[in-house]
Amino acid sequence: MKSILKSAATLFFCAALISPVMAEEHKNPFLSPYGNEYKIPPFQDIQVGDFIPAIKAGIEEQKQNIRKIVVNRAVPDFDNTILPLENISPILDRVASVFYHYDAALSTDEFAAMAEEAIPLLNEAANQINLDPELFKKIQAVYENRDNLNLTPVQKRVVEKYYKQFAEQGAALPEDKKKELIRINDELSKLFIQYNKNLLNATNSFFVTVYNEDDLAGLPESSIAMAREEAKARGLDGLWVFTLHAPSRLPLLTYAQNRGLREAVYKGYTTLASYGDNNNYPVIKKIVALRAEKAKVMGFDNFAQMMTSRVMAGTPEAATNLLLQVFEPAVKRSAEEVADMQAIVDAEGGNFKIAPWDYYYYAEKVKKQKYDLDESEVRPYFSLENVMKGLFTAAEKLYGIKMVEMPDAPKWLDEVTVYEVQDAKTGEHVAVFMTDYFPRASKRQGAWMEQMQSAGLYEDGNRRPIVYNIGNFTPPAGDSPALLTIDEVETTFHEFGHALQAILSQAPYRSIAGTNVDRDFVEMCSQINEHWAFSPELLKIYAKHYKTGETIPDDLIQKLNNASKFNQGFITTELAGAALLDLEWGQSDGNTDVPEFEVAVAEKIGMPKEITYRYRSPYFKHIFGDDGYASGYYTYLWSQVLEADAWELFEQNGIFDPETAAKFKATILETGDTEDPMVLFERFRGHKPDAHALLRLRGFED
């Protein structure tokens, strides 16, 4: 995901200790350019009280700069209208990039209280620029005259993008409609805050305590050790506590022999934020109703129609059609997978039908039976340190960059690692890259990539990006380092694929740099990068046993690759099911009971009873935590078609083939949104995307 829990004790929100005699006045770090070489935010100097004053100062700065554009009596052109929009408020740039990062990864109680005031102010800032009629007239004048302004093709695309984005945000609406839009956006922003707060609180409040050690049978020692430490942290020495965070939840569902324990944790997860004080059902209904209202204001029949009109898919019908092409063979394959699991249940005398909380556990048994692969055999080779070596080795071999750790660089927590990305041949600075991989109470669940600063032209010249990856991976436990699961290794490579698109960007303007591309194109770079994670060539380099240093043996590599298409029916069905649910929500008016709506969609699409949506609505933060992936979750599968087709070229030519890698870097990773994404894809691949490539990749077709 291109765009989670907290430990207040280690945050740098605390003011530095100040002598009562020689106290120095605190200076708000957001109000002036950062003094370090690469413009990294000085996290050690940032206090919660700095955000609101900086946001207000940024709003005023933006207002003044908009005024300069509007009152300029020269004929509107790229230099006097579009270029100033790229840096309309440096103060807002600085404060907003840190604010949204902290909101997701460092949301302490103090920060969350401040955020309730900050979000409406940031909405005000957005409305101030997006809905200014005089500013839009200037942009429209440039747009309508773009063919006569001697613009480069890239500048012309920037003009067209600004015009389209302003129109999509309501700039062309009459005043009465703008007022309605402002009201709706304000209400939505408050609901997003409530949704995310409920989800975070619900996630942190649920846990299962195990009192009898016999109930831990089947679990790997690393999971038991983590549960023991979690219990100790809660004052429950001698017991074991499991939470809903993925490093705790998933191993339990996969390995715990106690079926009741699996059911308790599974139901805890799938009813997350759906009852009590943290119930997101009423929040969802309001969000859906407001989105339907917003779509009508913008001239569309429904929200999904509005959102898909802005990207490659074009319509919800086109997106649904693609999903069903993949969903139907996936459901068929999942039925075969369930039959294999049921056979094991019956052979063991289980006398029950496979239920959703049995899926992970019996899938692991089938994998062991079919491929003789036990994930506990593999994890000792996947310490986080070694995985990072593999990640960086692949990037250097493919794209000619190397990572040099910056131990003295500013960081928001001690556990964050900061790297300078350098050209491997010349040592030239390319970007700054930061990682923050372990769960905490102030961080939302999941994994994502974002930027503190994108590549492009700023008020003081060209800058290179500051990019970060966030995760919630298995932390160190006892004497063991962080040993990642297969899924966590894949996620590490996925999020770094997003980072590569930002790090390597050569687009000249911020609005089109890095990941500022169509939503249904942005996941291509992340998903294709996953393929290198388990390639034999790379595994031989990085997969070393954390105790012995032994390289992963060939037979284990063979097992990994033999099992690579295993359980794809389940994985694809839960993903496509969630994407279809999202599109259905986008076509709803909100006048429905949330659980009933989910059941109705499941029946409509033929969702197997043994499989739940990848995310149920109360914790589907991609689509209800903000508008980022709303009516756009399908883009993961849309992008997977592009990724699968592109990967076939690497497979044909060699996965580290210099010519193929150089072509991918030049046509996809470096270009940003300088050209139409379909044109870029066809330039790399030589043909239009082939949907059957994804079916072949998943093992649904030969």
Side-chain angles (χ1 to χ4, degrees), residues 208 210 214-220 223 242 244 246 248-272 274 326-376 485-487 559 562-581 595 598-617 619-620 698-700:
V208 171
V210 174
D214 292 342
D215 291 334
L216 303 174
L219 283 166
S223 295
F242 294 88
L244 295 181
S248 179
R249 180 184 85 250
L250 293 178
L252 186 145
L253 291 174
T254 305
Y255 298 109
Q257 294 174 13
N258 187 316
R259 190 172 187 237
L261 181 59
R262 295 199 309 270
E263 182 179 359
V265 170
Y266 181 85
K267 287 185 174 178
Y269 180 65
T270 55
T271 59
L272 189 61
S274 61
V326 179
F327 183 73
E328 289 166 359
V331 169
K332 182 179 178 182
R333 175 59 56 83
S334 73
E336 298 168 7
E337 294 167 357
V338 170
D340 289 339
M341 296 177 199
Q342 192 64 52
I344 292 180
V345 172
D346 296 344
E348 293 177 348
N351 197 31
F352 60 82
K353 293 294 184 184
I354 289 288
W357 49 89
D358 298 315
Y359 212 106
Y360 286 95
Y361 180 72
Y362 284 97
E364 187 66 18
K365 286 198 169 205
V366 172
K367 184 164 67 173
K368 176 72 174 172
Q369 184 183 82
K370 283 191 170 185
Y371 305 104
D372 192 27
L373 178 64
D374 184 341
E375 186 162 325
S376 62
T485 65
I486 291 173
D487 181 66
K559 290 177 184 179
N562 288 345
S564 63
K565 292 182 174 62
F566 173 72
N567 216 29
Q568 286 296 321
F570 167 77
I571 292 168
T572 309
T573 298
E574 66 163 9
L575 173 63
L580 288 163
L581 175 64
E598 291 182 335
V599 170
V601 173
E603 291 177 354
K604 176 181 177 180
I605 65 178
M607 191 80 168
K609 296 190 186 314
E610 301 85 359
I611 302 176
T612 307
Y613 299 111
R614 185 170 188 174
Y615 302 105
R616 286 196 56 236
S617 304
Y619 52 92
F620 202 166
R698 297 292 171 99
F700 301 155

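When all heavy atoms are compared, the tightest approach of Arg249 to Leu244 is NH1-O, 2.7 Å. Closest non-hydrogen pair, Ala246 versus Pro251, comes out as O-CD, 3.5 Å. Nearest heavy atoms, Phe327 versus Ala576: CD1-CB, 3.7 Å. Here the closest heavy-atom approach between residue Lys370 and residue Asp340 is recorded as NZ-OD2, 2.9 Å. The two residues Ala256 and Leu219 come nearest to each other via the heavy atoms N-CD2, 4.1 Å. Among all heavy-atom pairs drawn from Val210 and Asp215, the shortest one is CG1-CB, 3.8 Å.
With Glu364 contributing its side chain and Tyr255 its backbone, the two residues share no donor-acceptor pair below 3.5 Å. When atom types are taken as modelled, the side chain of Lys559 and the backbone of Asp372 share a donor-acceptor pair closer than 3.5 angstrom. The main-chain N or O of Gly699 is found under 3.5 Å from a side-chain atom of Arg333 such that the two form a donor-acceptor pair.
The side chain to side chain donor-acceptor pair (under 3.5 Å) check on Lys267 picks up Glu263, with sequence neighbours excluded. Contacts of Thr612 classified as side chain to side chain donor-acceptor pair (under 3.5 Å), with partners at least two apart in sequence or in another chain: Tyr266.
In this structure, OH on Tyr361 lies 10.5 Å from CD1 on Ile354, to the nearest 0.5 angstrom. Between atom CD1 of residue Ile344 and atom CD of residue Gln369 there is a gap of 4.5 Å, rounded to the nearest 0.5 Å. Between the CD1 atom in Ile611 and the CD atom in Glu337 there is a gap of 7.0 Å [rounded to 0.5 Å]. Rounding to the nearest 0.5 Å places OG1 of Thr270 at 8.5 Å from CH2 of Trp357. In this structure, the separation between CE on Met341 and CZ on Phe570 is 7.5 Å, given to the nearest 0.5 Å. To the nearest 0.5 Å, atom NZ of residue Lys365 and atom CG of residue Asp358 are 10.5 Å apart.
A 4.5 Å side-chain heavy-atom check between Pro608 and Val331 finds at least one atom pair inside the cut-off.
Ring planes of Tyr269 and Tyr619: tilted class, angle from 30 to 60°.
There is no side-chain donor-acceptor pair under 3.5 Å between Thr485 and Asp487.
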ask   = Stepwise, does the side chain to side chain contact (heavy atoms under 4.5 Å, CB included) test hold for Val366 with Tyr371?
value = CA-CA 8 Å; Val366 172; Tyr371 305 104; over 6 Å; no
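Among residue pairs with one or both ends in residues 567-581, those qualifying as side-chain hydrogen bond (donor to acceptor under 3.5 Å, both in side chains) are Gln568-Arg698, Thr572-Arg698; sequence neighbours excluded.
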